[in-house]
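This structure is a prediction, so every number in the text was calculated from the model and none was measured. For this chain, numbers begin at 1 and follow the sequence in order. Just so it is clear, the values below take in all heavy atoms, side chains as well, and ignore hydrogens, waters and symmetry mates.
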Amino acid sequence: MEIPRPEYPRPSLRRGEETWMNLNGTWFFEIDRANSGKERGLQNQTEYSQKIQVPFVPESQASGVGDIDFMERVWYARTFDLPARFDTEKGRVLLHIGAMDYEGEVWINGAPAGSHTGGYTPAVFDITDLVKKGENRINITVADPLRTPLQPSGKQCEQYHSFACFYTRCTGIWQTVWLEYVPKVYIQKVKMLPDVRGEKLDIRVTLSGNAQVCAIVTYEGKPVAKGGVAATGGTAVFSLPIPNPVLWGPGEPNLYDIEFTAGEDRVVSYFGMRSIEVEKNRVLLNGKSVFQRLVLDQGYYPKGIYTAQDEKEFSRDIALCMSAGFNGARMHMKIFEPGFIYAADHAGYLLWGEFPNWGLDITRHEAIGIMLPQWLEAIERDCNSPSIIGWCPFNESFPGTNTGIYDLVYQITKLFDPTRLVLDTSGYVHAGKTDLYDVHDYEQNPETFAAHYAPLLAGEKPFFNDLGGNAGYDGKLPFFVSEFGGAFFDIDAAVENSGQNSGSPWGYGDAPRTAEELYQRFAALCTVLLDNPCVCGLCYTQFTDVEQEMNGLFAFDRRPKVDVEKLRAILTRKAAIETKF
């Protein structure tokens, strides 16, 4: 049987093919509903009562399990033969788990290897001292107390059945598990921030020790720059000149290649030169006003739920959206797989990175200590991606909550990454510092929708999410309609395509009766925003149907509901804000 998801799992930082081993495939599996597995010694067992296909969650069809009930804890076990080339006398062996939801613990040959909390970010364990030549056993347990108010869970449903805009839960491992062999002193992390005006790339390399770090930049195989510095305290900070930079932009995925060496270690990566800034009510990309024609993407798949069955699905989804005229997406309420972001980088497709904060009660004093480390891990994982133009740590925050958390997270995000836009909280209440002002508006009547934003032209306050505690738009920031549309339309007039745990069909407003009516509504709503010179971007809800939520321009299986060329004709014409200045 072929190994599922066999591709190199960390496309933004690669070592050679001989340095890694994919551990996806068939594992022994146990559902621990009573959360008593540790007491029963499951961490010491070689086999369990079921089998599962990793990296698919047990709720999914692709996993071979398909159990949609709540799982307080799950267990995984398998053996592997340590490759002879993984010489533990000369180097280190690392175990990587791309993501597991939510609290994971690992044992190697019965000995604890470590733990990780957070359902969306990678876990890395140094298992050099725990492995042996020949056969080794690995046990992994993942606790998923979803119904606690202290777990960020995004759109995962806290009820048994999915309903409205809440979908099937995803428990346990959902990204690739793999081994990596590295030198004793190796490159752990690389952070690259482009400076277009300064014609340079600022670099920070984190090592497991100290070594001379060198970087070589090429563009289309031709040398561009070379340099480096000796690391001190395990860190090397330096810049490389990028003269007359070839810029990355929408539909123009111009990428530079870069190779890092440190002692015996060698990794390869890539970067894009592009700038993002705000000027009055415009968002400038590479110094030009670019209207954000975004689509809301939930990142769900019919058979894999959180996990694509094939990496080609990433490029396919992006190509579908670009064919419809969208130039980017909000990666909504989920930290997407690295392969999706890699595909966006190579397509020239704009992205907003978002934290799945739903499920976390931010009125609790513990919330900031839970959220912030996970959010910073996500930013750190993806900060080298040129396609990501902004960060959004919260979605639809209500008034009367711990609003100070929004400003704190905004400030810390900006400190970590000053090169991107930060939206404090998408929709509803803007309680502190933010780079954009956005609203969520699901009005379905185009005339009423237009009346919401006509006041912008007179310098007056437009529609805003008036839930109390929101003073509305003051005209000083770019204005972004980051959720709208959401028209319910089921092309099959049935829920047979909506997933295994779906509730009643759901969407916003009165459902269009035909595909043509859906198109006319889409065209009218988009035209309102494209023609308003005070609006910097739109984000239509949504790319595809997801289970019972049938708001997509495409069905859950990616069939188009309307003529894609007609969508493209609406979206690709110049927006007023792109021509006014």
If you round to the nearest 0.5 Å, how far is CD1 of I3 from OG1 of T26?
9.5 Å
To the nearest 0.5 Å, atom CZ of F28 lies from atom CZ of R78 at 10.5 Å
Who are the side chain to side chain donor-acceptor pair (under 3.5 Å) partners of E366, not counting sequence neighbours?
none
Sequence neighbours excluded, which residues qualify as salt bridge (Lys or Arg N to Asp or Glu O under 4.0 Å) partners of E396?
none
Which residue pairs satisfy the side chain to side chain donor-acceptor pair (under 3.5 Å) criterion with at least one member in residues 222-242, sequence neighbours excluded?
D202-S239
Show your reasoning for whether side chain to side chain donor-acceptor pair (under 3.5 Å) applies to D87 and Y181.
CA-CA 8 Å; D87 187 344; Y181 182 68; 5.2 Å; no
How long is the span from the CG atom in L285 to the CD1 atom in I389, to the nearest 0.5 Å?
6.5 Å
Can you name the nearest heavy-atom pair linking Q374 to T121, along with the distance?
O-CG2, 3.7 Å
For T171, is there any backbone N or O sitting under 3.5 Å from a side-chain donor or acceptor partner on E59?
yes
State plainly whether the residues R14 and E17 are in salt-bridge range, i.e. N to O under 4.0 Å.
yes
Sequence neighbours left out, what passes salt bridge (Lys or Arg N to Asp or Glu O under 4.0 Å) with E264? Give chain and number order.
none
Please round to the nearest 0.5 Å and tell me the distance separating atom CH2 of W174 and atom CZ of R5.
10.0 Å
List the atom of P183, the atom of R92, and the distance in Å for their closest heavy-atom pair.
O-CG, 3.8 Å
Charged N to carboxylate O below 4.0 Å: is that the case for D435 and K414?
yes
The criterion is ring pair (Phe, Tyr, Trp, His ring centres under 6.0 Å); which residues satisfy it with Y8, sequence neighbours excluded?
W20, W178
Just by distance, no angles: are the side chains of Y48 and N139 close enough, under 3.5 Å, to form a donor-acceptor pair?
yes
Using distance alone, with no hydrogens and no angle criterion, decide if S275 and R197 have a side-chain donor and acceptor under 3.5 Å apart.
no
Could you pull out all donor-acceptor pairs under 3.5 Å where a side-chain atom in residues 106-115 meets a protein atom, sequence neighbours excluded?
residue	atom	partner	partner atom	Å
N109	OD1	R137	N	2.8
N109	ND2	L130	O	3.0
N109	ND2	N136	OD1	2.8

Please enumerate all residues that pass ring pair (Phe, Tyr, Trp, His ring centres under 6.0 Å) together with W391, with sequence neighbours excluded.
W375
Results of ring pair (Phe, Tyr, Trp, His ring centres under 6.0 Å) for F271 - residues two or more places apart only:
Y256
Nearest heavy-atom contact between D297 and A329 is CB-CB, 4.2 Å
May I ask you to check whether over 12 heavy atoms, not counting those of R85, lie within 6.0 Å of atom CZ?
yes
Residues in side chain to side chain donor-acceptor pair (under 3.5 Å) contact with K133, at least two apart in sequence or another chain
none
Spacing of CD belonging to Q156 relative to CD belonging to Q151, to within rounding of 0.5 Å:
7.5 Å
Atom CG of L207 and atom CZ of F260: how far apart are they, to the nearest 0.5 Å?
10.5 Å
Would you mind writing out the side-chain donor-acceptor pairs for residues 209-219 within the sub-3.5 Å range, not counting sequence neighbours?
residue	atom	partner	partner atom	Å
N210	OD1	G233	N	3.3
N210	OD1	G234	N	2.8
Y219	OH	N254	OD1	3.4

For residues 341-358, dump all side-chain donor-acceptor pairs below 3.5 Å to protein atoms at least two apart in sequence or in another chain.
residue	atom	partner	partner atom	Å
D345	OD1	S385	OG	2.6
D345	OD1	S387	N	3.1
D345	OD1	S387	OG	2.7
D345	OD2	Y270	OH	2.5
D345	OD2	S385	OG	3.4
H346	ND1	Y342	O	2.9
Y349	OH	G328	O	3.4
W352	NE1	Q292	OE1	2.8
E354	OE1	R330	NE	3.0
E354	OE1	R330	NH2	2.8
E354	OE2	R330	NH2	3.4
E354	OE2	H332	ND1	2.6
E354	OE2	M333	N	3.0
N357	OD1	N395	N	2.9
W358	NE1	N395	O	3.2

With Y300, which residues qualify under ring pair (Phe, Tyr, Trp, His ring centres under 6.0 Å), at least two apart?
Y167, Y306
